[in-house]
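This is a predicted model, so every value here is computed, not measured. Ligands are counted one by one from 1 in listed order, and the atoms in each one are counted from 1 as well.
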Amino acid sequence: MGFGGAAPGEHVTRDLVDGFGRVHRDLRISVTDRCNLRCTYCMPAEGMKWLPRADVLTFEEIERIARVMVGRYGFTSIRLTGGEPTVRAHLPVLVERLAALGTDLAVTTNGTSLGLLAHDLAAAGLKRINVSLDSLRRERVIELTRRDCLEQVIDGIDSAIEAGLAPVKVNAVLVRGVNDDEIVDFAAFGRERGVSVRFIEFMPLDASGEWTVDKVVGRQEIVDAISAVFPLDHVALDHGGSEPAEVFRYRDGRGDIGIIASVTNAFCGSCDRVRLTADGQLRSCLFALDEVDLRGLLRSGATDDELGDVIERCVAAKWAGHSVNQVQFIRPRRSMSKIGG
Ligand code: SAM
C-alpha cells in the first residue's frame, strides 16, 4: 500500500486497513515499561529488566508517531498505558501535546499517583481515565500487587472524580481462586462511587507463564453473579469503538458495568487497535509475534512517508484473531507490562 497519487510528504488522510477490512482508529501507547507495583498476574516479584532509558521513545518521538496516525490515518482515539504511565516523569506534558491532536485521549493507570496527578492531568487536557484495581480488601491487594496500596488507589479514584475526569472506570482482572469472590463487591463499589467497573478476563500475558484456562472467570459467570443482586440489562456489544467492553446497565438506573471477554468471547473481528511499545515497536495485536521498529526509523531520519509504508505493512499483515486456548497458540515474547495493556 502506498499513498496513491499524493506527493511525498503531502498530508493525506486515508484509512489504515488490514487484510480483513478492519479499519484502524485506536492507538495504545506505552510510555514506559516500568511499574511501581508487581501484580502477580503481570510481573514477577523481582528481576524485571527495564529498558535502558535511551531505548525509550522521547515525548517528541511519541508525538510524531501519534501525529502520523491521526493526520494520515484519521485515528480517533489514543490511550496512554505502560508499565505504569504515571511513573514516567512529566506525564502531563505529554498529555498536553497529545490532547492538541483532538482525539479521544485516555490513560490507564494503577491509580497510586492520581492523588498527586489527577488535577494536573485534567488541566493538561485529559478527559477520562481507567484505574486498575483487582481487590477491595487490603490484605488481598498486598498479596496481588506486592505493595500496600489500596488506600492510595481509592484516594486516586476519588481524586480523578474530583478533578472532573469523566468517565472514571475501574478495571478489575478476575483470576479464579484469587478474587472471583469479589464480583458483587466490585459492582456495589461502582454503584456507590458512580464509576463503571470493567471486568477483564485473565489473559496468557503474565510474565511468570502461570496462566491456565481454568483461571479465567468467564463473562456469563460475572453477569449471573451481579444480576442475582443488582439486576442487569444487556446494552450493547460495544466492540466497535476504542472500548472492547460488552456493556450491561443496572435496571435501577445506577450505572453500568463492562466485561472485556478477550478469552471467552474474543472481539478480534472488530479490532481497530494498534500498539506502540515504550521502545517504539509497533504491534498489530496484543498477542502478535512480530512487531516493526518505528524507533529505528525515527532515529535514522525517516520521512512520514517512510514511516507510513512500514505502519501500513505492519497492519496489512495483521492476523484474523488471536488463538488463545487453541493448540496453535504461541505466547508472545513480551508480557503485558512490556507491551502496554
Ligand atoms: N499500570 C497500568 C495499570 O495498572 O492499569 C497500565 C498497564 S497494565 C499492564 C494495563 C491493564 O492490563 C491493567 O488493567 C492490568 O490489570 C491488565 N493486565 C495485566 N496483565 C494482565 C493479564 N495477564 N491478563 C489480563 N489483564 C492483564
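In this structure, E201 contributes its side chain and G218 its backbone to no donor-acceptor pair below 3.5 Å.
The shell of residues lying under 4.0 angstrom from ligand 1, judged by heavy atoms, includes G83.
Side-chain polar atoms of Y41 and E210 form no donor-acceptor pair below 3.5 angstrom. Between H119 and E162, the side chains place no donor N or O within less than 3.5 Å of an acceptor N or O (distance only, hydrogens not considered).
For atom 2 (C) of ligand 1, the nearest protein heavy atom (residue, atom name, distance) is E84 OE1, 3.3 Å. Residue, atom and distance of the protein heavy atom nearest to atom 9 (C) of ligand 1 are M336 CG, 3.5 Å. Nearest protein neighbour of atom 15 (C) of ligand 1, counting heavy atoms only, is Y41 OH, 3.8 Å. Remark: minimum distance from atom 26 (N) of ligand 1 to any protein heavy atom is reached at V173 CG2, 3.5 Å.
Residue-to-ligand polar distances place S132 within reach of ligand 1: an N/O pair is separated by less than 3.5 Å. In terms of N/O distances under 3.5 Å, ligand 1 is approached by M203.
Annotation: side-chain contact (heavy atoms from CB on, under 4.5 Å) contacts of D185 (sequence neighbours excluded): L136, R137, E182.
A salt bridge does not link R38 with E46: none of the charged nitrogens is closer than 4.0 Å to a carboxylate oxygen. R249 and D233 are not joined by a salt bridge, as no carboxylate oxygen comes within less than 4.0 angstrom of a charged side-chain nitrogen. With salt bridges taken as basic N to acidic carboxylate O contacts below 4.0 Å, one links D148 and R138. Between R275 and E291 no salt bridge is recorded (no basic side-chain N to carboxylate O distance below 4.0 Å).
Residue-ligand proximity, T81 to ligand 1, at heavy-atom distances under 4.0 Å covers atoms 6 (C), 7 (C). Taking every heavy atom of T109 and a limit of under 4.0 angstrom, the matching atoms of ligand 1 come to 2 (C), 3 (C), 4 (O), 5 (O). Remark: ligand 1 atoms within the under-4.0 Å shell around heavy atoms of N110 are 2 (C), 3 (C), 4 (O), 5 (O). Taking a cut-off of under 4.0 Å to the non-hydrogen atoms of E201, the atoms of ligand 1 that pass are 25 (C).
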